[in-house]
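A quick write-up on the structure given underneath.
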Amino acid sequence: KNIQVLLGNVIGLDLDAREVQLDGGRLPYDTLVVAAGSTHHYFGHDEWAASAPGLKTIEDATEIRRKILLAFEMAERETDPSEIHKWLTFVVVGGGPTAVELAGAVAEIARHTLAKDFRSINPADAHVILVEATDRVLPSYPAELSVRGAKQLEQLGVAVRTGTMVVNVSDHAVTVRTGETLEDIPTRTVLWGAGVKASPLAGLLAAAAGLTPDRQGRVPVQPDLSLAGHPNVFAIGDLALCVDDRGQPLPGVAPVAIQQGSQVAQAVLGRLRGKPTKPFRYRDYGSMATI
């Protein structure tokens with residue numbers, strides 16, 4: 001009953017005046033919590049986004065679903081074998097949990113979900129290729145789990161290509177480099193899971209606070225998740241650069257954001273009672289990738 005939800009675009013932040021600048025006016029605050037998450041990271045090639053959508057939102061998911069199903073429908077109508085091959089080739093870029101799960105899902109759709117839905121083509125003939133620049137998939141997991149993950153993908157029919165970097169993406173092909181060798185992979189469907197960067201709002205927040213974001217655009221925070229010099233402003237989730245006891249950044253996963261949200265809520269309530277804030281301690285219950 002004490003919550004109001006407003007629709008608006010944040011175009012600026014005045015931390016001294018304690019105001020959020022919206023495209024439709026200004027919004028004063030006593031405490032500001034910024035938790036706008038992250039977006040896709042194309043490593044300086046944002047033009048690839050049009051041909052290689054990523055998976056961060058419900059809208060992204062429906063667009064990826066549309067592209068996958070449309071590829072089979074277009075292949076069904078084609079008579080040119082080379083064009084059929086393009087439509088039935090799916091390239092997933094990245095080797096983290098999102099990309100691995102996505103590649104497994106596409107392979108499952110091709111070999112099981114759509115197995116009997118077409119007359120001219122056999123969906124099981126689809127080529128699903130996972131491209132990862134490092135030497136193994138799931139690099140944030142223990143090495144033995146990376147090996148098991150790669151084997152499970154191959155059992156589903158996914159071609160796993162590690163040590164391979166994408167250098168160009170177009171509507172008809174992906175250009176990759178393995179060592180010194182360049183190769184064009186003809187395809188009409190490219191799905192991006194190679195990385196994320198902080199929401200553009202993080203840049204506005206960092207500039208307003210006089211802070212320098214890291215390479216992923218994240219805003220550095222104090223141990224209690226507030227901003228240096230601005231104890232009434234908190235940044236949490238994927239746009240916050242929060243380090244653990246070893247000085248390592250916490251991962252951009254949901255459990256971190258959920259626990260940070262709970263901590264900041266308690267901090268706000270505690271301040272109303274005159275209590276000091278506490279350092280954030282992440283409780284890591286493990287991570288899982290479902291192939």
Side-chain angles (χ1 to χ4, degrees), residues 40 42-43 45-55 59-96 98-137 149-195 291:
H40 316 298
Y42 291 92
F43 305 101
H45 293 278
D46 290 344
E47 69 276 10
W48 294 353
S51 302
L55 180 58
E59 290 78 14
D60 291 339
T62 54
E63 170 61 13
I64 287 175
R65 177 181 181 273
R66 185 193 69 82
K67 284 181 69 73
I68 293 171
L69 296 181
L70 182 63
F72 289 100
E73 297 289 354
M74 295 302 292
E76 175 77 358
R77 295 182 57 179
E78 272 290 346
T79 56
D80 184 344
S82 65
E83 288 300 315
I84 293 174
H85 179 77
K86 283 184 184 180
W87 283 113
L88 292 183
T89 298
F90 301 84
V91 177
V92 180
V93 183
T98 298
V100 164
E101 294 180 0
L102 193 53
V106 174
E108 187 175 45
I109 288 171
R111 285 156 179 74
H112 300 285
T113 307
L114 302 180
K116 300 180 180 180
D117 286 6
F118 296 92
R119 182 178 295 274
S120 299
I121 63 168
N122 179 7
D125 291 337
H127 303 276
V128 183
I129 303 170
L130 181 73
V131 178
E132 163 60 20
T134 67
D135 60 354
R136 61 188 177 100
V137 298
K151 287 182 178 179
Q152 289 184 27
L153 286 171
E154 290 167 353
Q155 289 170 358
L156 286 171
V158 178
V160 178
R161 298 187 55 174
T162 56
T164 302
M165 180 179 294
V166 173
V167 296
N168 191 47
V169 178
S170 71
D171 290 337
H172 295 272
V174 174
T175 304
V176 299
R177 183 175 67 233
T178 305
E180 299 300 321
T181 303
L182 289 176
E183 176 190 357
D184 286 333
I185 302 176
T187 178
R188 298 297 295 265
T189 308
V190 184
L191 307 177
W192 192 264
I291 303 174

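Everything numeric in this text was worked out from a predicted model, so none of it was measured. In what follows, every heavy atom counts, from backbone to side chain, and hydrogens, waters and symmetry copies are set aside.
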When you measure from the side chain of Ser170 to the backbone of Ala173, do you find a donor-acceptor pair of N or O atoms at a distance under 3.5 Å? yes
So do the side chains of Arg188 and His172 get within less than 4.5 Å of each other, counting heavy atoms only? yes
Would you say Met165 has more than 12 foreign heavy atoms packed within less than 6.0 Å of its CE? no
Minimum heavy-atom distance Ala103-Val158, with the two atoms named: O-CG2, 3.7 Å
Any Lys/Arg nitrogen of Glu154 or Lys151 sitting under 4.0 Å from an Asp/Glu carboxylate oxygen of the other? no
Does any non-hydrogen side-chain atom of Leu70 lie less than 4.5 Å from one of Thr189? no
Val169 versus Ser51, closest heavy-atom pair with distance: CG1-CB, 3.9 Å
Stepwise side chain to side chain contact (heavy atoms under 4.5 Å, CB included) test for Val174 and Val131: CA-CA 10 Å; Val174 174; Val131 178; 5.9 Å; no
Specify the closest pair of heavy atoms between Thr162 and Thr134, including all atoms of both residues, with the distance to one decimal. CB-O, 3.4 Å
Can you check whether Leu153 reaches Leu130 side chain to side chain, under 4.5 Å on heavy atoms? yes
Scanning both residues in full, the closest heavy-atom pair of Gly94 with Ala99 reads O-CB, 3.2 Å
Side chain to side chain donor-acceptor pair (under 3.5 Å): which pairs involve residues 59-81, sequence neighbours left out? His40-Asp60, Thr57-Glu59, Thr57-Asp60, Glu63-Arg66, Asp80-Ser82
Any donor-acceptor pair under 3.5 Å from Tyr42 side chain to Trp192 backbone: no
Do Trp48 and Val93 come within less than 4.5 Å of each other through their side chains, counting heavy atoms only? no
Between Leu88 and Phe72, is there a side-chain heavy-atom distance shorter than 4.5 Å? yes
Taking only residues at least two apart or on different chains, which pairs with a member in residues 100-117 satisfy side chain to side chain donor-acceptor pair (under 3.5 Å)? none
Tightest non-hydrogen contact, residues Gly104 and Leu156, listed as CA-CD1, 4.0 Å
d(Ile84 CD1, Thr89 OG1) to nearest 0.5 Å is 11.5 Å
For residues 118-127, run the donor-acceptor check on the side chains, cut-off 3.5 Å, and write out each pair with its distance to 0.1 Å, sequence neighbours left out.
from: Asn122; atom 1: OD1; to: Ala124; atom 2: N; distance (Å): 3.2

Tell me if a side-chain donor or acceptor on Thr164 pairs with a main-chain N or O of Thr178 at a distance below 3.5 Å. no
Find out whether Leu191 and Leu55 are in side-chain contact, i.e. whether some heavy atom of one side chain is under 4.5 Å from a heavy atom of the other. no
Looking at Arg136, I'd like to know if its CZ atom is crowded, meaning that more than 12 non-hydrogen atoms belonging to other residues, nucleotides or ligands lie closer than 6.0 Å. yes
Tell me the closest heavy-atom pair linking Ala75 and Trp87, and the distance in Å. CB-CB, 3.8 Å
